[in-house]
Amino acid sequence: MLPARYLAYCPNCGGPIEEERLRAGQACARCQPEPRGSLRPGRLADFAQARAALADWVAFFRAKTGVAPSPLQRSWAARVVTGRSFALLAPTGVGKTTFGLATAAWLAERGRRSHLVFPTRLLVVQAAERLAAWGAPYIAYTGKKRDREAILEGARPIAVYTVQFLYKNHPHLPRPVDFLFVDDVDSLLKSARNVDAVLALLGFGSKELAAAWGSLALRSKDPAAAEERAEALRKRARGVLAVASATARPRTARVGLFRELLGFEVTAPSLALRRVTDLYEPHFGEDPEARFRAALAWARRLGSGGLFFLSGHRLREEGSRLRDFLNEGGVPSLVYDDPGALDRFRRGEVAALVGFASWRNPLARGVDLPERVRYALFLEVPRFEIELGEPDPRGLWRVAVALLPLLEEPLAREVRRLARRRPPSEAGIRRVAEAIAARLLDPGFRARVEASPEVGLRFRDGRPVLIFPDVTGYLQASGRTSRLTPAGLTQGLALLLADDPKAFRALARRLAYLLEEAPRPVAEVDVDALLARIDADRARLAEGARGGSPTRVRAVVVESPNKARTLAGFFGRPARRFFPGLVVHEVITEDGPLLVAATRGHVTDLALSGGVLRGRDRAGFSAPLPSLAPLPRGAGPWPGLPRRPNKPPRPRPHPGLASGARARGRRFPARYRSRYRG
């Protein structure tokens, strides 16, 4: 086979290069005269520098944590050293927080500034403890005025604080920030102001934000021009943003600015990396005392190392009552915010901690104790209960959406039509609200609502109460039992005492979609064998075993963008990252992250300009050396190549003519017959 010469494929300068050099991973003769010699400044030289920085980061990570980083953590670090912002959309327990802390400490040794943002003060304290153990220079805000002033003055290269601190103090924070790590993007996206604060810390001003909004508006009209404008804006970033989440649900339009200015999207990820056995035990219609007794019986059987969760809508007093009940039954317990609760649980002085299954609760979001946490027990279905007060159009509109399966077809069609509009019209909402108010006064309709197995609506003292499951709270709370450790991904157990049939059915339906398996009845599982696997994982972790990591990063390159999007969609809901002329779909699978990209056609074609070079093969015979030129992305044949002549298109009747109307099975209106003659 004859060698080829590529006209614009030198990985360093983009000039011509021979096939032999490309196969050897070298640059062209102009950029690298000697095969093993030094490189001229260019893209390949930048890559070599980034590769050396990544190797240094890996050595630093191993020295501080005692273990090698997982392939997933290495891929995140590679994005940091190349200056690319990204989203760490991965399940709980795969090492996102450890990566953020280690990267900030590594950058601090090189004189770079990092800010670490956490959802709760408990997580700030835990992060500060780990940074202190590593000897990293940091300041953590835990409520003291001097710490706040030190952070605002930039006294240390690492600042650790909460999302609430960012919301209140972002105008006074030092900027730009070289590395901004947000441990919980869910809480950050609750306020549009937080998005603006993050972008400002990365060096974007009001002019860049206005241009980004213009690029967003242009995408529906001219996507290519919008992407070109966005790529120019991304070059103005002064730092790297890494946002971590396991259940991201963006609800503000400002999240689109991350795509325009930083080149990535925040979406809800797949949740394959999770070894939690989800079980349930029916307790429908029982009072809380009966479920308390059942929880005590399970605590005695499952043993120490449990997290007990009430629903997020409960008050703190309910948690204290459960704690006292467990203590009286012989199970030493504390509420998560009792003095020294976490330390005493870590040391084994108490057998269980009590908290609430909500993304706001520190016990559900911030506990990372794989050696101690063995199971999570939910005393009720995690859910939201919203009691609607005085009937108002907006509240009745939410009731209409909840009642959609029980509405008659004309009204249901109107609700579906309005729900497709963003936002729905006020006049339409008022019409639907009047119809719903009339139906809620009908005793027969109320009886149908209460008897329905699907509709999450109840009546309390004559007022409607919306009930829907808190899937995020359940996933976060149960994820505390399965963590990625040096011994591998630990086995966990989540047991749900189902009290509300409607909320449980809705929760099981959502979990079956997200996890591909709904919770199973506890009677169908050998609990003793499951506990043996759980304890075996903890024993291997205590012995210092190294079980490796299942998070290998794989890349697939296809030709069609539609094929790339479809292939990534087979494994979940992919996130997208944007490069010049390239879109990469990223999704989490059971074997680790999968990156899918498309070439959008042939990569090269024969060049018709510049002549044909001649070369000699090993036998000494003279032969032509073909030159290959790169094709523009999405282009068809090279413009100089002849095209196959196309046949003229078959004539089709005008859609308004009678022949076209008859072809579609409709009668041609008489008022148009004199206008169209054919």
Side-chain angles (χ1 to χ4, degrees), residues 49-90 92-119 123-124 126-140 151 154 156-161 163 166 173-185 188 198 201-203 237-246 258 262-264 266 366 368 484 486 549 551 553 577 586 593:
Q49 184 178 2
R51 189 172 182 177
L54 178 60
D56 187 62
W57 179 91
V58 170
F60 180 88
F61 187 96
R62 187 192 298 269
K64 296 300 181 182
T65 63
V67 296
S70 67
L72 184 56
Q73 291 169 326
R74 283 174 56 92
S75 70
W76 293 336
R79 300 173 192 180
V80 173
V81 299
T82 54
R84 285 280 181 177
S85 298
F86 60 100
L88 299 83
L89 296 178
T92 56
V94 299
K96 298 187 294 290
T97 304
T98 302
F99 161 78
L101 297 175
T103 303
W106 178 73
L107 291 172
E109 288 190 353
R110 286 144 188 82
R112 301 297 184 88
R113 185 189 306 277
S114 300
H115 284 196
L116 308 175
V117 186
F118 294 91
L123 290 178
V124 170
Q126 291 184 356
E129 291 175 353
R130 299 181 70 179
L131 290 173
W134 295 345
Y138 74 94
I139 297 175
I151 291 177
R156 296 287 183 90
I158 301 178
V160 189
Y161 49 83
V163 173
L166 173 69
L173 288 171
R175 62 196 64 186
V177 175
D178 298 301
F179 178 62
L180 181 59
F181 177 78
V182 182
D183 189 56
D184 179 31
V185 72
L188 181 79
V198 165
L201 290 177
L202 296 176
R238 301 284 300 278
V240 173
L241 172 66
V243 294
S245 177
F258 288 156
L262 299 173
F264 72 93
V266 176
D368 187 12
L484 186 63
S549 171
T551 53
V553 182
R577 298 171 59 210
E586 183 175 358

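The two residues Thr82 and Ala50 make their nearest non-hydrogen contact at CG2-CB, 3.9 Å. Looking at every heavy atom in both residues, Ala140 comes nearest to Ala128 through CB-CB, 3.8 Å. Nearest heavy-atom pair, Ser85 versus Gly239, reported as atom, atom and distance to 0.1 Å: OG-O, 4.0 Å. In terms of heavy atoms, Ala102 sits closest to Phe60 at O-CE2, 3.5 Å. The shortest non-hydrogen separation linking Val81 to Ala53 is CG1-CB, 4.1 Å. Between Ala68 and Arg62, the shortest heavy-atom distance links the atoms CB-NH2, 3.5 Å.
Atom CZ in Arg84 sits 7.5 Å away from atom CZ in Arg577 (nearest 0.5 Å). Between Leu107 atom CG and Ile158 atom CD1 the span is 8.5 Å, to the nearest 0.5 Å. Note: Lys64 NZ to Thr98 OG1 = 14.5 Å, rounded to the nearest 0.5 Å. In this structure, OG in Ser75 is found 8.0 Å from CZ in Phe99, a value given to the nearest 0.5 Å. Expressed to the nearest 0.5 Å, how far CG of Leu116 lies from CG of Asp183 amounts to 9.0 Å. A distance of 11.0 Å separates CG of Leu180 from CZ of Arg175, quoted to the nearest 0.5 Å.
Just one of Val243, Leu241, Val177 meets the side chain to side chain contact (heavy atoms under 4.5 Å, CB included) condition when paired with Val198; it is Leu241.
In this structure, Phe258 and Phe264 have parallel ring planes: the angle between them is below the 30° cut-off, well short of the 60° mark. Ring-plane geometry between His115 and Tyr161 is classed as perpendicular, the angle between the planes exceeding 60 degrees on a 0 to 90 degree scale with a lower cut at 30.
Heavy atoms from other residues, nucleotides or ligands lying under 6.0 Å from CD of Glu109 number more than 12. Within 6.0 Å of the CZ atom in Arg112, the count of heavy atoms belonging to other residues, nucleotides or ligands does not exceed 12.
Looking at heavy atoms from C-beta onward, Val182 lies out of side-chain contact with Leu166 at the 4.5 angstrom threshold. Using a 4.5 Å heavy-atom cutoff, the side chains of Trp134 and Thr65 are in contact. Between Val80 and Phe86, the closest side-chain pair of non-hydrogen atoms falls below 4.5 Å.
Looking only at distances, no side-chain donor or acceptor of Arg130 sits under 3.5 Å from a matching main-chain atom of Gln126. Not a single donor-acceptor pair under 3.5 Å links the side chain of Asp178 to the backbone N or O of Ser114. Between the side chain of Thr103 and the backbone N or O of Gly100 there is no donor-acceptor pair closer than 3.5 Å.
Residues that satisfy the side-chain contact (heavy atoms from CB on, under 4.5 Å) test with Pro69, not counting sequence neighbours, are Trp57, Val58, Phe61, Gln73, Arg74.
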